[in-house]
Amino acid sequence: MNNEARKFYITTPIYYVNDKPHLGHTYTTVAADVLARYHSMIGDKVFFSTGTDEHGAKIEEKAKENNENVEEFVNRIAADFQFAWDELEISYNFMGNFIRTSEQRHIKAVQKALQYLYDKGDIYSGTYEGWYCQGCEQYKTKGDLIEGDKCPDHGTKVEWINEETYMFRLSAYAGQLLEKIEKDELKIQPVEKKNEIISFYKNQGLRDISFSRKKVKWGIPLPFDESHTAYVWADAFLNYLTVLGWDGDQANKPEMWPPQIQLMSKDILRVHATIWPAMLLALGLPLPERLMVHGFFLVNGQKMSKSIGNVVAPADLINKYGADGSRYLLMSAIIFGHDGDVNWQRFDEKYNSDLANGLGNLLNRVISLIDKYMDGGIPKVASEDKTELKVKGVDDLDKTFLFDVANIWEKYHKAWSDIHPDEALRHIKELLSHCDKHINAVKLWEISGQDKQVAAKHLYCLAETLRQIGWMIIPFMPSSTSRVWQYLGLKPAEEIEQSLEDAKKWGGLKGGEKVNKGAPLFSRIN
Ligand code: MSP
């Protein structure tokens with residue numbers, strides 16, 4: 001076994017600052033954060049990156065519409081994103097970073113990298129003629145359009161561009177990239193998305209692409225011709241490197257490079273599976289290991305998006321359910337990788353059933369019984385040996401608890417390695433409902449009044465299971481973890497000191513420790 005920590009670098013897309021964040025952006029960011037926290041929990045060396053994409057005509061126009069100076073405008077919206085991510089305890093600030101493409105560290109590195117590509121002939125002077133959607137900031141082919149001249153994602157008319165430009169030699173990399181994607185050297189998940197990309201390569205192929213705009217002033221000037229600014233995606237993609245402190249010199253590969261997972265939704269997969277890895281090949285840098293694509297949040301069947309006008313702000317969710325509640329609801333809202341509808345009624349119902357009545361109520365039941373029948377202390381059980389925990393009248397206490405907790409851990413880890421955080425949550429729920437059923441099946445409140453020794457064994461098992469559930473929820477609800485442990489009489493700072501391997505060993509709770517009663521973990525919403 002190699003004891004050296006593995007590295008885990010995960011990225012979110014950098015979001016456009018033409019408008020404030022909504023639940024779609026929040027979903028991606030929270031999903032990346034739960035993955036980052038899981039990997040940190042299992043001992044990996046983690047870097048989490050997110051940020052804002054601030055250049056281009058779309059943003060320049062939006063600032064103008066608002067009668068704001070463009071710098072002030074982007075500062076304001078970028079701060080909104082950071083504020084929302086801070087409220088949700090997104091871990092970029094303690095195990096990663098937030099990058100803004102208007103920062104000098106980014107601009108200088110982009111210029112250096114583009115100069116390198118120009119010097120080696122991968123960027124060359126030419127002209128571009130074709131369709132462009134400003135909403136996507138992407139070039140479109142006739143086949144991409146609906147109703148003849150509209151962008152399928154934005155529903156707005158595309159514009160015809162015919163201008164002098166600098167081109168990127170994208171076509172030169174098509175063969176290599178297709179092979180890498182087919183062989184999973186650049187893995188695209190889920191597999192349907194991989195297949196879509198492969199057919200795109202096979203049916204449409206890659207043509208050289210315009211990499212600069214003469215008419216767009218709000219962008220990074222090309223170092224070899226300052227009358228042009230860099231195409232906003234050429235600028236934006238490099239954030240994944242500059243966020244690690246990269247200086248633009250292709251020879252200086254950052255230690256955390258390449259990403260293990262780049263998370264995004266399907267709207268931007270094609271550019272991430274074509275232009276982006278081609279830029280990396282041109283720079284001589286390793287490709288990301290995996291592009292992971294999740295579905296869209298829909299409202300009544302339509303994508304949640306500012307252009308449709310059906311957005312919910314993260315603050316609305318946080319004000320109602322708190323940070324942990326919101327993180328939980330986002331991660332359990334839809335099947336990871338599929339589109340799904342979200343609405344307030346469903347959020348309320350899930351909050352009540354899974355958090356208030358689920359975890360919160362179980363904790364409350366166990367703590368109250370310990371308080372009432374065990375003098376408020378974690379019961380002392382004779383031995384941690386599972387055979388000793390067999391109790392008259394219950395067929396297999398060890399099987400009911402010990403087997404299941406270990407088994408749930410196995411399923412839990414499998415869900416994460418398949419990149420299915422929503423499934424990891426379902427396994428936790430399974431364990432919670434198992435505990436509830438157990439309490440009801442043995443009528444624990446009755447046993448507690450009749451036979452303290454027998455009740456002690458049940459209550460110990462339940463409390464110990466809750467300690468371990470505290471660990472399982474770390475990626476999703478980091479603050480609730482501490483609270484669960486406090487109720488159980490543990491000191492969170494000490495509990496977290498252990499490695500996960502040690503924490504998973506049965507018997508971590510020491511008999512005699514006083515439990516704490518307190519306000520409900522999650523209050524019901526009416
Ligand atoms: N700036 C580019 C990305 C550059 S990365 C080098 C961009 N920005 S964006 O603000 O439009 O963000 C798109 C991403 O936001 C999606 O890929 C997805 O991660 C997230 N989402 C935006 N709306 C969403 C939903 N309705 N549902 C789920 N995720 C959504 O594209």
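Numbering of ligands and ligand atoms starts at 1, following listing order.
A side-chain donor-acceptor contact under 3.5 Å links Y38 and H413. Side-chain N/O atoms of T165 and S212 include a donor and acceptor closer than 3.5 Å. Of the N and O atoms on the side chains of D324 and S480, at least one donor lies less than 3.5 Å from an acceptor on the other residue. Judged purely by distance below 3.5 Å, without hydrogens or angles, the side chains of E164 and T127 never pair a donor atom with an acceptor atom. A donor and an acceptor atom, one from each side chain of N357 and Y351, are nowhere located under 3.5 Å apart. Side-chain contact of Y328 with D354: a donor-acceptor pair under 3.5 Å is present, judged by distance alone. Y128 and N162 form no side-chain donor-acceptor contact under 3.5 Å, judged by distance and modelled atom types alone.
Contacts between W276 and ligand 1 below 4.0 angstrom, taking non-hydrogen atoms only, are absent altogether. By the criterion of a heavy-atom distance under 4.0 Å, the side chain of H294, and not its backbone, is placed next to ligand 1. When heavy-atom distances to ligand 1 are checked against a 4.0 Å cut-off, H22 comes that close only through its side chain, counted from C-beta outward.
Some N or O of T28 is nearer than 3.5 Å to an N or O of ligand 1, by distance alone. Considering backbone and side-chain atoms alike, D53 places an N or O below 3.5 Å from some N or O of ligand 1. For ligand 1, the polar-atom distance check finds an N/O of Y16 within less than 3.5 Å of one of the ligand's N/O atoms. Not a single N or O atom of M264, backbone or side chain, sits closer than 3.5 Å to an N or O atom of ligand 1. Checking only distances, M304 does come within under 3.5 Å of ligand 1, N or O to N or O. The N/O atoms of F297, backbone and side chain alike, include one that comes under 3.5 Å of an N/O atom in ligand 1. Ligand 1 has an N or O atom lying under 3.5 Å from an N or O atom of G24, backbone or side chain. Taking distance alone, with nitrogen or oxygen atoms compared against 3.5 Å, W233 stays at or beyond that limit from ligand 1.
Below 4.0 Å from some heavy atom of G295 lie the following atoms of ligand 1, by number and element: 28 (C). If you number the atoms of ligand 1 from 1 as listed, the ones under 4.0 Å from a heavy atom of Y15 come out as 8 (N), 10 (O), 12 (O), 15 (O).
Side-chain contact between L114 and Y231: absent, with no pair of heavy atoms (C-beta onward) separated by less than 4.5 Å. I90 is listed as a side-chain neighbour of F48, based on a closest heavy-atom distance under 4.5 Å.
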Stepwise side-chain hydrogen bond (donor to acceptor under 3.5 Å, both in side chains) check, K194 with Q189: CA-CA 6 Å; K194 169 183 169 180; Q189 221 177 313; over 6 Å; no
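One finds the CG atom of L35 at 7.0 Å from the CE atom of M331 (value rounded to the nearest 0.5 Å).
Shortest contact from atom 31 (O) of ligand 1 to any protein heavy atom: I268 CG2, 3.4 Å. In terms of protein heavy atoms, atom 3 (C) of ligand 1 is closest to I14 O, 3.2 Å.
Remark: among candidates F81, Y240, Y27, the nearest residue to atom 6 (C) of ligand 1 is Y240, based on non-hydrogen atoms. Closest to atom 16 (C) of ligand 1 by heavy atom, among V293, D267, V299, is D267.
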